[in-house]
Asker: 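Let me give you the structure first, and then I'll get to my questions.
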Amino acid sequence: MNNLSSLCNSTMKLPSRVLTLRNASVVEFRHSYNTPCDQKLTCKSKASFSFNQNSQFHAYPSPFLAFQGVIYNSQKLNCLPSSSFGLHSTVSRPYGVPVEASPVETDKNPERLCVENCNDENIVGGEVPGAEYGNSRASHESEIDKEAWSLLRDAVVTYCGFPIGTVASNDPGDKHPLNYDQVFIRDFVPSALAFLLRGEGEIVKNFLLHTLQLQSTEKTVDCYSPGQGLMPVSFKVRTVPLGDNKFEEVIDPDFGGSAIGRVAPVDSGLWWIILLRAYGKISGDYTLQEREDFQAGIKMILNLCLADGFDMFPSLLVTDGSCMIDRKMGVHGHPLEIQALTYAALRCSREMLTVIGCSKNLMTAINNRLSALSFHIREYYWVDLRKTNEIYRYKTEEYSMDATNKFNIYPEQIPSWLIDWIPEDGGYLIGNLQPAHMDFRFFTLGHMPLKICYPALENEEWRIVTGSDPKNTPWSFHNGGSWPALLWQFTLACIKMGRIELAQKAVGLAEKKLSVDRWPEYYDTPSGKFVGKQSRLYQTWAIAGFLTSRMMLEKLDMASLLFWEEDNELLENCVCALTKGGRKICSRDVAKSQILV
């Protein structure tokens, strides 16, 4: 029986609030809501947005546009007894009341937005919530730091006058931003860490609160609905006119339906869990992760990751385009990036979940998966010269429980570049593994250097795997491009492994290049010398990655809160072999031998 087949039912409390904002536009905006039903309900929401697609609003250019807004889904909240799935009794969803405009007295200071009677913990803001988010700057900052912070603050998106995220790119010369003017969950992580390390946690808390509201909570009833627990890949704040001097501000999420490949994001929920832990660790505010709605949100994400299925492996099976590499690049199956994020999200969840009731079964499932996944990656993804020679001499078509070549890998799959590239005294984790296929490319996430993968797909292989993708040409974009956004992960890995000098060197090189090149999204060519041919400039996570790396090196104690030491017990309890007699548990010595250093 699936340990995660059901989650503990809980009634989400819907607080009532009235916010009053006054500014020079001489209008007052109020919205409120109350729990619509007295009985214990199962609340299901279906994203069915219909917004004015011509609206490009994402941030307030002046305080005169900082109007009160709401999440107005035609996401309707169907409040039904849990036994009546499929029936409809529509009421307004939290944050779902249109904004009404009415005259009020002008505030004496037109640039100050006043919030009165706002006791709702769901919105966090400073003393002047409509003003530019965070203007404090450290006196010791260099000119490039000051420039980077200015650009990062310019990228901040506000909702209801409060900061809730940063746009992916804020290039003033970009006339066709596509979805780069949206807030991406994965892209916001380095921005969030930069603000947290600076002591400015309000934007991160608001982001976590509002993205939780966007989480799909309705079980899928057809193949076009987001699965229960799915986090959106991105969202955009829009203003929608209603006529008669009325308008509303809406948050429009994208669950992959508008993405290039129309693929649901697997990594968004995993990054969300990782960021939730980071928020608590750095800010010291653990109340958010302890809330009932956040506990439920974590469980729904884990339910997607841990659900029983047809797969025989502990690694998570995904399709192409479901993570940072969101175009066809041959990463379907069990890519290392997703496995690394899954491991991190499981470790985070194990810390944050309150163990009561059915959570005990969930905690058992987390520990079992962590143990199996840890061994699986170390045993089957690790390649060094010795392992490569073993693969070269593999027998194929082995049919037995004692097969050496468990995945039926054909030696001809070993690429010619690997022999000269792999060192004699080291190795790496391959990019992907599935039956009859090992992807020997070196992928960044899971390793954390700057080049997203190595080597690039070229010639006929590029045409077959990418479908002749003009953006993923050899040594460009996802196909071997160099990404400044990955700098913070490289820095954190260096700190964990005690190789701070490598991170300092990388940050020093970035300092010389990024500002001069106008903070590009990625670089092209094998050596990363050219700004990418289709690279967006003033890419926010390139800016934030630089700032976060810099602050991590200055605050090593804070950076150390973001990673864990190895857990030998996970490997101690893993299944390390299958024999005719059944499963055999590996010893402590075997477990320690699998730890990569």
Side-chain angles (χ1 to χ4, degrees), residues 1-12 14 40-49 71 73-90 93-96 185 208-235 251 253-257 259 262-273 276 291-311 316-319 322-323 338 341-342 345-346 348-349 352-353 357-359 361-363 365-366 369:
M1 178 180 176
N2 183 2
N3 287 331
L4 304 176
S5 60
S6 64
L7 297 175
C8 290
N9 293 324
S10 62
T11 304
M12 188 175 296
L14 307 180
K40 186 173 182 179
L41 304 175
T42 298
C43 298
K44 309 178 173 90
S45 68
K46 180 176 181 180
S48 56
F49 294 87
I71 296 181
N73 308 343
S74 300
Q75 272 195 16
K76 299 214 166 76
L77 184 66
N78 301 325
C79 289
L80 309 169
S82 57
S83 61
S84 304
F85 181 80
L87 301 177
H88 293 277
S89 175
T90 304
R93 181 185 173 94
Y95 308 133
I185 287 185
L208 291 167
L209 284 159
H210 284 86
T211 47
L212 180 65
Q213 290 286 336
L214 298 176
Q215 185 183 36
S216 173
T217 57
E218 179 180 337
K219 281 190 175 293
T220 303
V221 293
D222 63 64
C223 59
Y224 298 106
S225 298
Q228 186 181 29
L230 183 69
M231 282 289 185
V233 62
S234 63
F235 64 85
I251 294 183
D254 177 15
F255 288 90
R262 304 300 189 270
V263 178
V266 175
D267 63 341
S268 289
L270 304 176
W271 276 120
W272 186 86
I273 289 176
L276 178 59
R291 283 174 39 156
E292 188 175 334
D293 51 348
F294 275 78
Q295 291 282 309
I298 295 171
K299 291 173 185 177
M300 284 193 292
I301 295 171
L302 295 180
N303 195 38
L304 288 175
C305 299
L306 301 177
D308 291 338
F310 293 103
D311 205 4
L316 196 60
L317 178 64
V318 299
T319 187
S322 58
C323 50
I338 290 297
L341 289 173
T342 301
L346 290 173
C348 291
S349 300
M352 295 187 293
L353 282 175
C358 65
S359 295
N361 291 336
L362 178 58
M363 194 64 70
I366 290 173
R369 179 61 64 88

Asker: When rounded to the nearest 0.5 angstrom, what distance separates NE2 in H210 from CD1 in I251?
Answerer: 5.0 Å
Asker: Does S349 have any side chain to side chain donor-acceptor pair (under 3.5 Å) partners at least two apart in sequence or in another chain, and if so, which?
Answerer: none
Asker: Quick one: side-chain contact (heavy atoms from CB on, under 4.5 Å) partners of T342, sequence neighbours excluded?
Answerer: L270, L316, I338, L346, L373
Asker: Look up atom CD1 in I366 and atom CG in L302, then write down how far apart they are to the nearest 0.5 Å.
Answerer: 5.0 Å
Asker: Would you confirm whether Q215, through its side chain, and M231, through its main-chain N or O, come within 3.5 Å as a donor-acceptor pair?
Answerer: no
Asker: How long is the gap from CD1 on I298 to CZ on R291, to the nearest 0.5 Å?
Answerer: 12.0 Å
Asker: Indicate the atoms forming the closest heavy-atom contact of F255 with P265, along with that distance.
Answerer: O-CD, 3.2 Å
Asker: Whether the side chain of Q228 engages the backbone of L304 through a donor-acceptor N/O pair (distance < 3.5 Å, no angle test) should be reported.
Answerer: no
Asker: Could you give the distance from CG (L214) to CD1 (I185), rounded to the nearest 0.5 Å?
Answerer: 8.0 Å
Asker: S234: what forms a side chain to side chain donor-acceptor pair (under 3.5 Å) with it, not counting sequence neighbours?
Answerer: Q182
Asker: For residues G256 and V233, report the shortest heavy-atom separation together with the two atoms involved.
Answerer: N-CG1, 4.1 Å
Asker: At what distance, to the nearest 0.5 angstrom, does CD1 of I301 lie from CD1 of I273?
Answerer: 4.0 Å
Asker: For residues F294 and L208, determine if any side-chain heavy atom of one lies less than 4.5 Å from a side-chain heavy atom of the other.
Answerer: yes
Asker: Within this structure, what is the CH2-SG distance for the pair W271 and C348, rounded to the nearest 0.5 Å?
Answerer: 10.0 Å
Asker: Just wondering, do V266 and L341 contact through their side chains at under 4.5 Å, heavy atoms?
Answerer: no
